[in-house]
Amino acid sequence: VLPLGIIAVQGDGTAARLVRLEPGAGGAWQAIATSREPVLADAQPLQVDLDGSDSGHIAVLAGPDAARYRHGVLGDAIEATRVLYLERHDLSPLRELTLPAPHVFEDNRLRVWRGSDGRGAASLVAVRSGPQGAQLALIEADRSKAAALRIAALGEPIGSANRWMSPSTDGKHLVSVHTPHLSGALHAVRRDGERLTSSALAEGVSNRAIGARELDVSAWLSSRYVIADLS
């Protein structure tokens, strides 16, 4: 929800698009802009400032693909292959990132992380998956290319295909639950240059149910992280 409109996903399958809705005559909502490129049908668009210029534009997971990575743990077998950063008024592309095969973003949302002091430049956290399973990816504006996003840091992959992890952040702290449907191993995550390193915190916890569209059923209270027992 923006001050003068709403950003929404319209459509399903591999044909969904992002739309900007504004109130028209008689108070009825009308679409005044539509993205040119398809987005993930269950994507959660996010307003974020990646260029340090104003109140921000719209980041969304896009490039839906049903064949590249067959896991389906997030409710369907369609995964994202792109991240788009779109101008918030006309939804024209500002920056983008496309993953080469065989990787996908096994995710439906992007998370804003600014580092341990909470005052750094905004980065986006997403789950990238491939032959070695899931790993965390930190996405930023590419300062050397005007229309590009880049993967600025990667975590270690979980180790085998069809194994997933579920991150959570309050903007300062970043944690990830490895295999939240199996062992539920909670890890603290830190950035070390182009690497995301993790250290184990706990076992037997989970922040989601398998097949659910909501990927993070947990809460941050001040610097404390509240998460359910796996059982």
Side-chain angles (χ1 to χ4, degrees), residues 1-65 74-76 78-99 104-114 118-127 137-143 145-150 167-172 208 212-220:
V1 177
L2 303 178
L4 300 176
I6 294 173
I7 305 296
V9 177
Q10 183 178 63
D12 55 20
T14 58
R17 295 289 194 279
L18 215 60
V19 296
R20 180 183 171 105
L21 303 170
E22 293 185 2
W29 291 96
Q30 60 182 4
I32 60 108
T34 303
S35 65
R36 297 199 294 262
E37 302 292 336
V39 303
L40 206 62
D42 59 347
Q44 299 179 26
L46 172 72
Q47 185 180 16
V48 59
D49 182 7
L50 295 179
D51 288 309
S53 56
D54 57 20
S55 58
H57 297 286
I58 307 302
V60 64
L61 286 162
D65 185 289
L74 306 187
D76 60 38
I78 301 173
E79 309 299 349
T81 61
R82 307 178 71 193
V83 177
L84 301 179
Y85 188 50
L86 306 176
E87 204 281 331
R88 65 182 181 271
H89 297 99
D90 62 12
L91 300 180
S92 60
L94 298 173
R95 295 182 179 271
E96 61 183 68
L97 166 68
T98 300
L99 285 180
V104 299
F105 290 113
E106 196 175 11
D107 218 331
N108 63 19
R109 58 180 297 191
L110 299 160
R111 307 150 190 87
V112 178
W113 188 40
R114 297 182 179 276
R119 292 177 292 191
S123 300
L124 301 174
V125 177
V127 179
L138 199 63
I139 301 162
E140 297 178 348
D142 190 334
R143 303 305 175 191
K145 298 178 182 178
L149 299 169
R150 69 184 185 101
S168 182
T169 181
D170 63 351
K172 296 181 181 181
R208 78 176 297 267
R213 300 291 186 179
E214 177 54 58
L215 304 189
D216 182 16
V217 184
S218 62
W220 289 90

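As the structure is a prediction and not an experimental result, all values here were calculated from the model. Values below: every heavy atom of this structure, side chains too, minus hydrogens, waters and symmetry copies.
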Q. So, do P64 and I78 sit near enough that their side-chain heavy atoms are less than 4.5 Å apart?
A. yes
Q: State whether a side-chain donor-acceptor pair under 3.5 Å links R82 with T98.
A: yes
Q) Is D42 paired with R109 through a side-chain N to carboxylate O contact shorter than 4.0 Å? A) no
Q | Close side-chain approach of V112 to L124, heavy-atom, < 4.5 Å | A | yes
Q.
Determine whether R143 and D51 satisfy the following criterion, salt bridge (charged side-chain N to carboxylate O under 4.0 Å, His left out), listing intermediate values before the conclusion.
A. CA-CA 9 Å; R143 303 305 175 191; D51 288 309; 3.2 Å; yes
Q) Is the backbone N or O of G63 less than 3.5 Å from a side-chain atom of T81, with the two atoms forming a donor-acceptor pair by type? A) yes
Q.
Closer than 3.5 angstrom, by distance alone: can the side chain of N108 be matched with the main-chain N or O of L40 as a donor-acceptor pair?
A. no
(Q) Any carboxylate oxygen within less than 4.0 angstrom of a Lys/Arg side-chain nitrogen, looking at E140 and R150? (A) yes
Q.
Can a donor-acceptor pair be found, under 3.5 Å and without considering hydrogens, that links the side chain of R111 to the backbone of V125?
A. yes
Q: Please confirm whether the backbone N or O of L50 pairs with a side-chain atom of Y85, one donor and one acceptor, at under 3.5 Å?
A: yes
Q | L18 side chain reached by P45 side chain, heavy atoms, under 4.5 Å | A | yes
Q: Locate the shortest heavy-atom distance separating V127 from P167; write the atom from each residue and the value.
A: CG2-CD, 3.5 Å
Q. If only atom types and distance count, is the side chain of R20 paired as donor or acceptor with the main-chain N or O of D90 below 3.5 Å?
A. no
Q) Is there a donor-acceptor contact under 3.5 Å from the side chain of W113 to the main chain of K172? A) yes
Q. Are L74 and E79 close enough that some pair of their side-chain heavy atoms sits under 4.5 Å apart?
A. yes
Q: Tell me yes or no: between the side chains of E87 and S92, is some donor less than 3.5 Å from an acceptor?
A: no
(Q) For the backbone of D142 and the side chain of R95, can you confirm whether one donor and one acceptor N or O come within less than 3.5 Å of each other? (A) yes
Q. Do other residues, nucleotides or ligands put more than 12 heavy atoms under 6.0 Å from R36 CZ?
A. no
